[in-house]
Amino acid sequence: MAQRLVLRRLLSLTPRALPLQGPLAPHVPPVPLGRAFSTSAGCSSTFNVQDGSDFQDRVVNNPKPVVVDFHAQWCGPCKILGPRLEKMVAKQEGKVLMAKVDIDDHTDLAIEYEVSAVPTVLAMKNGDVVDKFVGIKDEDQLEAFLKKLIGA
């Protein structure tokens, strides 16, 4: 993991290629207006954390309670828990939000919140961790976890 972090930092120091502009740029046809795709988040209660400042803005500073799912692409139990947790959060109809944090992309956040195994799920209210669990839970356990967080 330390090697991956060092490599990620080295790659972030290299200059990025700028998109081609002018007569040599390939022609990209304009996207027609309509309902082909949407760039808005809509009313989804689940989001992927992009970086540390995004985590600060959308999780720590959020007035709503937030469930933080620390996971990894290679983690089998994460692939089971993630959709199950998303479904349970969606049932709460906006009373709680869910932030997904990939530990391989956001090692600094995993270290800061003392994540030593995945999946790890934190319950945060007003920027503080108020509850936590590690591993898979069934739907009844997840519902109880969320109700305790919401105060229902």
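Because only heavy atoms are used, hydrogens play no part in the values below, and waters and symmetry mates are left out as well, while side chains stay in. Residue numbers start at 1 and run along the sequence shown.
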Evaluate the side chain to side chain contact (heavy atoms under 4.5 Å, CB included) criterion for residues Q56 and N61: first the C-alpha distance (whole Å), next the side-chain angles of each, then the deciding distance (0.1 Å), finally the verdict.
CA-CA 6 Å; Q56 186 72 30; N61 296 336; 3.6 Å; yes
Distance-only check: which donor-acceptor pairs under 3.5 Å involve side-chain atoms of residues 114-133, not counting sequence neighbours?
| from | atom 1 | to | atom 2 | distance (Å) |
| --- | --- | --- | --- | --- |
| T120 | OG1 | A117 | O | 2.4 |
| K125 | NZ | L149 | O | 2.7 |
| D131 | OD2 | K148 | NZ | 3.4 |

Please determine whether residues I136 and F145 belong to a single hydrophobic cluster, defined as Ile, Leu, Val, Met, Phe, Trp and Tyr linked transitively by side-chain heavy-atom distances below 4.5 Å.
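The answer is no; the residues belong to distinct hydrophobic clusters.
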Can you hop from L142 to V134 via hydrophobic side chains spaced under 4.5 Å?
no
Separation of Q92 CD from L97 CG (nearest 0.5 Å)
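Those atoms lie 11.5 Å apart.
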Give, for atom CG of L146 and atom CE of M98, the distance between the pair rounded to the nearest 0.5 Å.
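So the CG of L146 and the CE of M98 are separated by 9.5 Å.
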Do [X] and [Y] have side-chain heavy atoms sitting under 4.5 Å apart?
| X | Y | answer |
| --- | --- | --- |
| D102 | Q73 | yes |
| V59 | F47 | yes |
| Y113 | V101 | no |

Could you work out, with salt bridge (charged side-chain N to carboxylate O under 4.0 Å, His left out) as the rule, every residue matching D54, not counting sequence neighbours?
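Partners of D54 under the salt bridge (charged side-chain N to carboxylate O under 4.0 Å, His left out) test: R58.
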Atom pairs and distances, side-chain donor-acceptor, residues 80-91, under 3.5 Å, sequence neighbours left out:
| from | atom 1 | to | atom 2 | distance (Å) |
| --- | --- | --- | --- | --- |
| R84 | NH1 | K137 | O | 2.8 |
| E86 | OE2 | K100 | NZ | 3.4 |
| K87 | NZ | E139 | OE2 | 3.1 |

